[in-house]
There are 2 protein chains.
Amino acid sequence: MNIGEVSERAGLPAKTIRYYEDIGLVRPLRSDNGYRAFRDSDIHKLAFLGRARTFGFSIEDCRTLLDLYEDETRESAQVKAVAQEHLAAIDEKIAQLRSMHDTLSHLVDACHGDHRPDCPILKDLAKEP
Amino acid sequence: MNIGEVSERAGLPAKTIRYYEDIGLVRPLRSDNGYRAFRDSDIHKLAFLGRARTFGFSIEDCRTLLDLYEDETRESAQVKAVAQEHLAAIDEKIAQLRSMHDTLSHLVDACHGDHRPDCPILKDLAKEP
DNA sequence: TCTTGAGCTTCCAGCAACTGGAAGCCCTAT
DNA sequence: ATAGGGCTTCCAGTTGCTGGAAGCTCAAGA
């Protein structure tokens, strides 16, 4: 199967699929004309990767997860560990963003947003801590 | 004032300050020996930038905010607009992360995390949607 | 005075994860 | 024969720095 159809089926842009081959996440065969020839297993892998990426896993995590997926002797504890670490990172990011949100929304609420130059947002940014 | 002291005072790495000069956010003078010579106003600007960055504003937003800060004829509505747009982006990111968190934490909870290969996390990643 | 070490300079490369574009081959249909 | 769409590679750019190498400057100590 050519890259265009794979792109549709796996839900990934062709560019991304080529990139994933570049970094060794998939290894499609090649036809005589030089076109990539994807097997069902390649498409399956790509869909797996796409889904893992929507969970926010890094490419390296994706590589690990894919390896585990293909390893019959894996222990679910290994998978769980990767997922938990990622979950912790997500939590931290949410906390960061929430703190940004809270500070900033206070400032936005305090700003008149009119034609006058006076602005608590700028005042806060400029303040000496 | 040399870059080292400015770095401490503004709370930004020297590398970052040089980078900010590169992209035109600050324009320190130069001493005869070629060293950057920062005025108080430069330090003030850098601290402003540092604080804006902790709020998660992009560099381009920071540039805009700095311009507004220095523009006596600004209207606070302009500042508020930038901040509100950023706030909306933050909200969106939080929503995304929360959705990731929710799905993933369910899967993590469902995973035994033992020595056996069976794993609902991998099962989910591999499923056909 | 010479040397040593810290601090400064520039420039180049690399991170993550793609994305866009150019130049050019391949295949099918008219 | 030619037009088009799909495929190929390679290079550059995105964001916001960060690390490192090579080399100049300055102040202090032997």
Side-chain angles (χ1 to χ4, degrees), chain A residues 1-38 42-43 45-46 48-66 82 85-86 89-90 93 96-97 100, chain B residues 1-38 42-43 45-46 48-66 85-86 89-90 92-93 96-97 100:
Chain A
M1 200 177 308
N2 285 350
I3 201 167
E5 200 180 340
V6 173
S7 166
E8 273 188 39
R9 291 222 205 167
L12 292 173
K15 278 276 191 190
T16 300
I17 296 173
R18 291 196 195 99
Y19 172 66
Y20 286 174
E21 184 189 11
D22 250 29
I23 61 175
L25 286 177
V26 276
R27 303 182 195 283
L29 304 173
R30 292 287 174 147
S31 307
D32 289 345
N33 59 12
Y35 287 15
R36 288 168 182 80
F38 295 85
D42 295 319
I43 298 166
K45 271 195 205 181
L46 287 166
F48 182 103
L49 289 168
R51 193 154 168 74
R53 292 288 297 136
T54 69
F55 284 164
F57 284 108
S58 72
I59 288 286
E60 281 321 299
D61 278 353
C62 288
R63 197 188 299 275
T64 305
L65 290 171
L66 199 51
V82 173
E85 207 164 320
H86 180 48
I90 288 175
K93 242 182 207 165
Q96 260 184 29
L97 286 172
M100 283 180 192
Chain B
M1 201 178 306
N2 285 350
I3 200 167
E5 199 180 340
V6 172
S7 167
E8 274 187 38
R9 291 221 203 168
L12 292 173
K15 278 275 192 190
T16 300
I17 296 172
R18 291 196 195 97
Y19 172 67
Y20 286 174
E21 184 189 9
D22 249 28
I23 61 175
L25 286 177
V26 277
R27 304 182 193 283
L29 305 174
R30 293 287 174 148
S31 307
D32 290 345
N33 60 12
Y35 287 16
R36 286 169 183 80
F38 294 86
D42 294 319
I43 298 166
K45 271 195 205 183
L46 287 166
F48 182 103
L49 290 168
R51 194 153 169 74
R53 291 289 297 138
T54 69
F55 284 165
F57 284 108
S58 73
I59 288 287
E60 281 321 299
D61 277 353
C62 288
R63 196 190 300 275
T64 304
L65 291 171
L66 199 52
E85 207 163 320
H86 180 48
I90 289 175
E92 198 176 331
K93 244 182 205 165
Q96 261 185 29
L97 286 172
M100 284 179 192

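Below, chains carry the letters A, B, ... as their sequence lines are ordered, and counting in each starts from 1. Source: prediction; values computed, not measured. The figures here come from the full heavy-atom set of this structure, side chains too, leaving out hydrogens, waters and symmetry mates.
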> Where do B/Thr64 and B/Phe57 land on the side-chain contact (heavy atoms from CB on, under 4.5 Å) test, with the steps shown first?
Replying inline: CA-CA 10 Å; B/Thr64 304; B/Phe57 284 108; over 6 Å; no

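Atom pair A/Arg18:CZ and C/dA22:C1' shows a separation of 14 Å (rounding to whole Å applied). Put simply, CG on A/Asp32 is 12 Å from P on C/dC26, counting in whole angstrom units. The separation between A/Asp61 atom CG and C/dA17 atom C1' is 14 Å, rounded to whole Å. Between the CG atom of A/Asp22 and the C1' atom of C/dC18 there is a distance of 11 Å, rounded to whole Å. Regarding A/Ile3, its CD1 atom lies at a distance of 15 Å from the C1' atom of C/dC26, rounded to whole Å. Put simply, CG on A/Asn2 is 12 Å from C1' on D/dG5, counting in whole angstrom units. When rounded to the nearest whole Å, the span between CG of B/Leu12 and C1' of D/dG16 equals 12 Å. Atoms CD (B/Glu60) and P (D/dC17) sit 12 Å apart, rounded to a whole Å.
Closest-nucleotide positions on DNA chain C for A/Phe57 and B/Ala37 were compared, and the one nearer the 5' end corresponds to B/Ala37.
Listed pair B/Ser58 / D/dT15 fails the phosphate criterion, with no side-chain N or O lying under 4.0 Å from OP1 or OP2. In terms of phosphate contacts, B/Arg63 brings no side-chain nitrogen or oxygen within less than 4.0 Å of OP1 or OP2 of D/dT15. At C/dT9, none of the side-chain N or O atoms of B/Asn33 fall inside 4.0 Å of OP1 or OP2 (strictly under the cut-off).
Between A/Asp42 and A/Val6 there is no side-chain heavy-atom pair separated by less than 4.5 Å.
At least one donor-acceptor pair closer than 3.5 Å links the side chain of A/Arg63 to the backbone N or O of A/Ile23. Checked by atom type and distance alone, the side chain of A/Asn2 never pairs as donor or acceptor with a backbone atom of A/Gly4 at under 3.5 Å. Looking only at distances, a side-chain donor or acceptor of B/His86 sits under 3.5 Å from a matching main-chain atom of B/Phe55.
Side-chain proximity of A/Ile59 to D/dT18, C/dC18, D/dC17: nearest is C/dC18. For B/Tyr35, the listed nucleotide lying nearest its side chain is C/dC8; candidates were D/dT18, C/dT19, C/dC8. Counting only heavy atoms from C-beta on, B/Lys15 has its side chain closest to D/dT18 among C/dT19, D/dT18, C/dT9. Closest approach to the B/Tyr19 side chain among D/dG16, C/dT19, C/dA17 is made by D/dG16 (side chain taken as heavy atoms from C-beta onward). Relative to the side chain of A/Arg36, the nucleotides C/dA17, D/dT9, C/dT9 differ in distance, and D/dT9 lies closest.
Among the atoms of the strands shown, none is found under 4.0 Å from any heavy atom of A/Ile23.
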